[in-house]
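Just the heavy atoms: all of them, side chains too, but no hydrogens, waters or symmetry mates, feed the values below. Proteins come first, then strands; the chains are lettered A, B, ... in the order of their sequence lines, and each starts at number 1.
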Amino acid sequence: MKKHLESLVSEALVRLRDDELPPESLRFVPEVERTRDSRHGDFATNVALRLATLIDRKPRDVAARVAELLPASKFVGRVAVAGPGFINFFLTPAALEAGVAEVVEAGERYGESDSGTGRHILVEYVSANPTGPLHVGHGRHAAYGASVANLLRATGHQVHEEYYVNDTGRQMDILALSVWLRYLEAHGEKVEFPANGYRGDYIRQIAALVTERYTDSLVIPATMVFTELAPARREEDQESHIDALIAAARDKLGPEGFARVLDTALESVLADIRDDLAEFGVRPDQWYSERSLEASGAIDRALARLRDRGKLYEKGGAQWFRATEYGDVKDRVVIRENGKRTYFSSDIAYHLHKRERGNEVLLDILGADHHGYIARVRAGLEAMGEPGTSLEVRLVQFVTLFRGGEKLRMSTRSGEFVTLRDLRREVGNDAARLFYVLRSNDQHLDFDLELAKSRSTENPVYYIQYAHARVCSVFRQLGERGLEWDAGDGRAHLSELEDAREKSLMTALGRYPEVIELAAANRAPHNLVHYLRELANEFHSYYNAVPFIVERAELRNARLMLICASRQVIQNGLSLLGVSAPESM
RNA sequence: GCCCCGGUAGCUCAGGGGAUAGAGCGUCCGCCUCCUAAGCGGAAGGUCGCAGGUUCAAAUCCUGCUCGGGGCACCA
């Protein structure tokens, strides 16, 4: 409808252009928007206000002229010039009726558009280090990323969802060491577990898995590992202490032995993350291994590209990338003094490969604490000859858990409520998915567990789902009374829906495609949540005030058509958010 | 010091160049003989952090300040 009106305005401008508008007005794109107040009609355009300055005429005169030149449309009942020079459009009943019919005809596909057709976009999200179970913060990333991906698909984009697996580096070594030390403990060795090692029951479970696979073949007397380390150093420098422990473990076990522990741990943690996300309705198309970048030569390729372009230099035995030439605050090391590549070198190689796979947009969804890293990755892309604008980053702010009014402490050490799985078990997947995207991604999120669980009016999940269930219930009632819905008859009598609540519900349904378009463009699933709440409110008001299953078949069928369309839109919207639409509650 | 995010009703937040700034919760007052009251209606409640600027028009854009959260590795 919005597009239809825009084309009418464009046509009017073309007519006006012939004699009254200067050539520069050719670039003028008309904007038609929903009005906030129904007294201003259904849609309005500000073209006259914007044109008036350009041609130095009174806005209201220009508006009147444009209104005169608008082509007739069966969907536009009245056009009015109002306020400082707005042109207001009042839709005909036929426009609203056609909208309702369109919902029912399009069904699950209602709201889809082709605005993004042909655009390949790679959405990378979560990408948590595989060193332990996902926590509640990752849950927000998962819910947000998956919903954005769904919105992009609904608007025609070619979407590829990816989880980048940091399966190499120091954190993995610490994981392996932690597991190995628990394994030694389980075999009767006395170990001093380092303070900065990974704690948590899952480490012991993985240790048990190591025993299952390799029996006691990886047992080394603990004294051999610990006695070589000066005890004083443990106190002073935990970091170098744990590095020394890793080196010792590697030395005693040999590279293969250490790799056995590490790979067992990696597989186990990754399987857990995969299951966790799958249960949450989040299924990335690809799990991209950081290790594979080394094996495939992608890192060499990226570094060569930088070197060929003269963007690398040597300093202090390390290789540096001239990131400052591309707006970063400092140059970045790509190859350390010790010859190892940095995480950053993997990262630009990864992003280069995203581009090499034909993606126009690289959408990274990152934690707010990663913002400092945007400039350097973008710098890397540009230095390699890729457009810096291809990288789009959305930061997700932190989540704070509350139980009632009380803030929950979320530290791994305290062992309190921290994992995504725990949260899902407590409040359910639907509430978790919806609560996570209730707020804008760049707003801190207060997640109240009690509210998410409450089966009451305060809980937006139930409020929206309840509207869906109520429609289903009406159709069940219909069957129980031995009646059937005649959709064709309903379509033919939509004009009987003259109640103000019916009009405003129809208007709300017509907005859905615009909401999807906007939410996708802004990467803002919370726009959709707010819309669904409003739609549910429109429906509940209607339900409360008007009986649907009435005597007269024509009116009954028409009303059922309207609530059927409402149910469809709620179902489609919830589906994009990964929330179920129950038939009864 | 530099960078990112936020400051809008008592609370949690939408709106991010347009007309009289919205929602939920909370408070107060109403509505079940009726398709699910997990619902609906009404009322009260605002210096859109502060100060300048741009514009026909600023909560919205720009600059400065301020308060709160986060980040500034040869870690990943």
Side-chain angles (χ1 to χ4, degrees), chain A residues 31 33 35-37 39-40 44 46 49-50 52-53 58-59 82-86 88 127-129 131 166 168-174 239 290 315-320 329-330 332-344 346-347 367-375 393 395-398 400 402 405 438-446 448 451 454-463 465-467 469-478 480-481 501 522 524 526-527 529-531 533-534 536-537 539-550 559-560 563 584-585:
Chain A
E31 287 169 14
E33 287 181 334
T35 56
R36 200 178 305 185
D37 188 329
R39 279 170 298 180
H40 300 137
N46 62 359
L49 284 158
R50 296 173 56 210
T53 350
K58 284 184 186 158
F86 291 103
N88 294 335
S127 298
N129 281 342
T131 53
N166 298 120
T168 179
R170 185 161 172 267
Q171 295 308 316
M172 290 314 302
D173 289 342
I174 296 175
E239 296 302 321
E290 183 185 353
K315 192 180 90 182
Q319 288 287 315
W320 293 72
V329 290
K330 56 175 289 190
R332 305 288 173 178
V333 171
V334 287
I335 304 176
R336 289 176 217 150
E337 202 181 350
N338 65 13
K340 287 189 172 175
R341 281 80 177 280
T342 58
Y343 175 81
F344 174 63
S346 302
D347 227 49
D369 54 340
H370 280 68
H371 99 268
Y373 132 131
I374 303 168
V393 179
L395 298 176
V396 177
Q397 296 291 331
F398 298 137
T400 310
F402 285 81
L438 199 54
R439 307 291 178 230
S440 156
N441 59 292
D442 46 33
Q443 189 79 238
H444 288 252
L445 178 67
D446 289 341
D448 190 330
L451 180 58
S454 78
R455 310 205 146 205
S456 76
T457 169
E458 309 162 34
N459 190 334
V461 185
Y462 288 103
Y463 186 81
Q465 289 182 324
Y466 185 39
R470 269 185 152 174
V471 177
C472 295
S473 172
V474 171
F475 278 94
R476 279 194 298 271
Q477 278 282 326
L478 188 72
E480 282 163 23
R481 297 188 199 181
R501 295 180 199 83
N522 293 340
H526 73 276
N527 288 161
V529 180
H530 285 271
Y531 165 81
R533 181 170 239 300
E534 284 165 32
N537 177 246
F539 171 77
H540 287 308
S541 299
Y542 184 37
Y543 179 98
N544 235 265
V546 178
F548 308 143
I549 305 176
V550 291
R559 285 182 176 164
L560 292 174
I563 67 168
S584 68
M585 292 173 69

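For a distance-only test at 3.5 Å, the side chain of A:Asn88 qualifies as a donor-acceptor partner of the base of B:A19. Side chain A:Arg39 to base B:U20: a donor-acceptor pair is found below 3.5 Å. In terms of polar N and O atoms assigned as donor or acceptor, the side chain of A:His370 never comes within less than 3.5 Å of the base of B:G71 in a complementary pairing. The base of B:C40 is not paired with the side chain of A:His540 by any donor and acceptor separated by under 3.5 Å. Below the 3.5 angstrom threshold, one finds a donor paired with an acceptor across the side chain of A:Asn46 and the base of B:G18. Side chain A:Asn544 to base B:G39: a donor-acceptor pair is found below 3.5 Å.
Glycosidic conformation at B:C48 (O4'-C1'-N9-C4 for purines, O4'-C1'-N1-C2 for pyrimidines): anti, more than 90° from 0.
In this structure, the nucleotide among B:C5, B:C35, B:C56 sitting nearest to the side chain of A:Gln397 is B:C5. For A:Pro547, counting side-chain heavy atoms from C-beta on, the closest listed nucleotide (B:C35, B:A14, B:C4) is B:C35. Out of B:C35, B:C5, B:C3, the shortest distance to the side chain of A:Ser473 is found at B:C35. Ranking B:G6, B:C75, B:C74 by closeness to the A:Arg170 side chain, first place goes to B:C75. You'll find that the side chain of A:Trp320 is closest to B:C74, out of B:C13, B:C74, B:C40. The listed nucleotides are B:A23, B:A14, B:C40; the one nearest the side chain of A:Arg533 is B:A23. Minimum atom distance to the side chain of A:His526 is reached by B:A14, of the listed B:A14, B:G18, B:C75. Proximity note for A:Lys330 (side chain, C-beta onward) versus B:C4, B:A19, B:C74: the nearest is B:C74. Between B:C74, B:G6, B:C4, one nucleotide has an atom nearer to the side chain of A:Thr342 than all others, and that is B:C74.
With A:Phe539 as the aromatic partner, A:Arg470 does not meet the cation-pi criteria of under 6.0 angstrom to the ring centre and within 45 degrees of the ring axis.
Between A:Arg336 and B:A76, a side-chain N or O to OP1/OP2 separation shorter than 4.0 Å is present.
Counting non-hydrogen atoms under 4.0 angstrom, A:Thr131 reaches nothing in the nucleic acid. Backbone-only contact: A:Leu395 has heavy atoms under 4.0 Å from sugar-phosphate atoms and none from a base.
Along RNA chain B, the nucleotide nearest to A:Ile549 and the one nearest to A:Tyr343 differ in position, and the one closer to the 5' end is contacted by A:Ile549. Checking A:Tyr373 against A:Arg36, the closest nucleotide of RNA chain B that is more toward the 5' end is the one next to A:Arg36.
Proximity of A:Ile335 to A:Trp320: side-chain heavy atoms (C-beta onward) are nowhere separated by under 4.5 Å. Within the 4.5 Å cutoff, the side chain of A:Asp347 has heavy atoms near those of the A:Tyr373 side chain.
Residue A:Tyr543 and nucleotide B:G39 are not classified as a stacked aromatic pair, given the requirement of ring centres less than 5.5 Å apart at an interplanar angle below 30°.
For A:Arg336, there are no salt bridge (charged side-chain N to carboxylate O under 4.0 Å, His left out) partners at least two apart in sequence or on another chain.
No side-chain N or O of A:Thr35 forms a donor-acceptor pair with one of A:Asp37 less than 3.5 Å apart.
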